[in-house]
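These numbers come from the heavy atoms of this one structure, side chains and all, not from hydrogens, waters or symmetry mates. Remember, it's a predicted structure, so these values are computed and weren't measured experimentally.
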Amino acid sequence: MMMLSRSSTRGMLSYCLPSTLDNFNAFFHSKSGDPPTMSSVEQTLNMFNEMLHMRPLPPVACFSQLLAQLARLERYDVVIPLFKQMGVMGIAPDASTLNVVTNCYCHLKHAPGLGLPVFPHFLKLGLQLDITTFTALINAFLLQTTTHPKKTSDPKLYCLDFALTVFHEMLRTPPLPSVIPLTNILGQLVKLKHYSAVIPLFKQMLLCRIAPDAYTLSVIINCYCHLSRMGFGLSVLGSFFKLGLQPNVITFNTLIHGFVLDNQVGEASRIFTNMLEGGYCKPNVVTFNTLIKGFCKNGNNSAAVQLLWNMEERGCEPNIVSYSTVIDSLCKETR
């Protein structure tokens, strides 16, 4: 955020009352290069009110810093009325101001329209949202897809559609974001079980030449598994090696689990074997339990028992799930 320099405020400060001037200097010029901080909401509000009485008014960057400080103190409900008060006083916001206010609207999950009331200001002033604001808007609207009453799906669909629209807009707005915030959004969609929405977003990332990382590819494999499109999941595993990335145990567990759910236990076993022979990573108790469950599900108890002994040989301690799955299957076999 832009800092206020001494030279830019020298003329302005001569109009301040002595006490106001002292507080103003103490806040904005405490240490060179350090962002201003205040320890309480009351201090910040007092400074805001004092600044409103300065003539001429301080630059908008000063007000933005105070709003940002209140946001850091998680008083999002206080920021909104102060922003409106700035408008009444004729203080035009800048991009920093609007980004702070948009984030506050998004944190106030039940605020009408979330961050939408701020959008007209961005358009009117020709300003751009930053990556933080884009992601805050998207996550806030995704959250709304889980908080609306179940009796109607229309609000949920609207919020999901708007979140996806903001995602597309973010990719059209330079500079392009890094893969990390985009992958976090995809992960959030997966947590909300919007698997089919993730795939086209991932493809758009690739069209924008945003290279995926290992976490991104694991998220996509997870989506394909839930959509029962296991062939596509395998092709994404191939992308790991093409990009020089290393799949981890979670990636392999996801694929094995997907094949088991799709009743392709033989393919799940093949993935497990490749995992061991390739030396990509060491299987954990989830890996073994998933495959044991698959064998038992198919009535192949001998393979399940063999894998149970194999766990101990490979230094992976079986847990209660491992034993109970095999015991339950053996009991059903003897009936």
Side-chain angles (χ1 to χ4, degrees), residues 102-103 105-111 113-116 119 129-150 152-173 176-237 239-240 243 245 247-259 261-262 286:
T102 302
N103 276 282
Y105 268 114
C106 292
H107 277 91
L108 295 171
K109 299 178 180 64
H110 303 294
L114 298 167
L116 288 179
F119 270 122
L129 285 78
D130 61 15
I131 300 302
T132 302
T133 305
F134 270 124
T135 53
L137 269 175
I138 292 169
N139 287 327
F141 272 93
L142 288 179
L143 182 63
Q144 294 300 301
T145 67
T146 64
T147 56
H148 280 289
K150 292 184 178 180
T152 174
S153 61
D154 288 342
K156 292 184 180 182
L157 291 175
Y158 166 77
C159 289
L160 176 60
D161 287 344
F162 188 83
L164 300 181
T165 299
V166 175
F167 186 96
H168 293 308
E169 184 62 30
M170 178 168 58
L171 291 183
R172 287 195 294 265
T173 304
L176 284 174
S178 70
V179 68
I180 295 174
L182 296 179
T183 301
N184 288 339
I185 293 169
L186 299 184
Q188 185 66 19
L189 281 164
V190 169
K191 288 179 182 178
L192 298 174
K193 300 182 179 181
H194 297 307
Y195 308 115
S196 59
V198 172
I199 307 302
L201 298 184
F202 172 67
K203 291 180 179 178
Q204 189 180 0
M205 286 172 54
L206 298 181
L207 289 174
C208 292
R209 299 181 182 278
I210 300 174
D213 58 16
Y215 179 54
T216 315
L217 297 180
S218 295
V219 168
I220 301 305
I221 288 176
N222 190 20
C223 289
Y224 279 130
C225 289
H226 279 92
L227 295 171
S228 297
R229 299 168 69 181
M230 299 308 302
F232 288 96
L234 272 179
S235 67
V236 176
L237 181 63
S239 298
F240 271 93
L243 296 171
L245 301 173
N248 59 21
V249 67
I250 296 175
T251 306
F252 282 104
N253 286 352
T254 302
L255 270 174
I256 292 170
H257 180 67
F259 278 115
L261 287 179
D262 206 40
V286 175

Before you tell me yes or no, could you show the steps for Ile138 and Gln188 under side chain to side chain contact (heavy atoms under 4.5 Å, CB included), namely the whole-Å CA-CA distance, both residues' side-chain angles and the distance that decides it to 0.1 Å?
CA-CA 10 Å; Ile138 292 169; Gln188 185 66 19; over 6 Å; no
For a side chain to side chain contact (heavy atoms under 4.5 Å, CB included) check, start with the C-alpha distance between Thr216 and Val179, then their side-chain angles and the critical distance, and finish with the verdict.
CA-CA 8 Å; Thr216 315; Val179 68; 3.5 Å; yes
Show your working on side chain to side chain contact (heavy atoms under 4.5 Å, CB included) between Leu207 and Lys203 and close with a plain yes or no.
CA-CA 6 Å; Leu207 289 174; Lys203 291 180 179 178; 5.6 Å; no
Please step through side chain to side chain contact (heavy atoms under 4.5 Å, CB included) for the pair Leu243 and Leu217, ending with a clear verdict.
CA-CA 11 Å; Leu243 296 171; Leu217 297 180; 4.2 Å; yes
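Of all the heavy atoms in Ile131 and Pro177, the pair that sits closest is CD1-CB, 3.5 Å. Across all non-hydrogen atoms, the minimal contact from Gly233 to Ile221 is O-CG1, 3.7 Å.
Atom-to-atom distance recorded for Ile185:CD1 and Leu201:CG is 8.5 Å, nearest 0.5 angstrom. In this structure, CD1 on Ile210 lies 11.5 Å from CG on Asp213, to the nearest 0.5 angstrom. To the nearest 0.5 Å, atoms CD1 (Ile250) and NE2 (His257) are separated by 13.5 Å. Note that CZ of Phe240 and OG1 of Thr251 are 4.0 Å apart. Values are rounded to the nearest 0.5 Å. Taking CD1 from Ile220 and CE from Met205, the interatomic distance works out to 7.5 Å, rounded to the nearest 0.5 Å.
Atom OH of Tyr195 sits in a crowded spot, with more than 12 heavy atoms from other residues, nucleotides or ligands closer than 6.0 Å. Counting heavy atoms of neighbouring residues, nucleotides and ligands inside a 6.0 Å radius, atom CG of Leu227 exceeds 12 of them. Residue-environment remark: CD1 (Ile180) stays at or below the threshold of 12 foreign heavy atoms within 6.0 Å.
Remark: Arg172 pairs with Glu169 by the salt bridge (charged side-chain N to carboxylate O under 4.0 Å, His left out) rule, at least two apart or across chains.
Side-chain contact between Cys225 and Leu261 is absent, with no heavy atoms from C-beta onward closer than 4.5 Å. Side-chain contact between Ile199 and Tyr224 is present, with heavy atoms from C-beta onward closer than 4.5 Å. Looking at Leu182 and Leu171, their side chains come closer than 4.5 Å, going by heavy atoms from C-beta outward. With a 4.5 Å cut-off on side-chain heavy atoms, Thr183 and Pro212 do not count as touching. Side-chain atoms of Met230 and Leu234, non-hydrogen and from C-beta on, never get closer than 4.5 Å to each other. Tyr215 is not listed as a side-chain neighbour of Leu186, based on a closest heavy-atom distance of 4.5 Å or more. Proximity of Ser218 to Thr254: side-chain heavy atoms (C-beta onward) are nowhere separated by under 4.5 Å. Between Phe134 and Thr102, the closest side-chain pair of non-hydrogen atoms is not below 4.5 Å.
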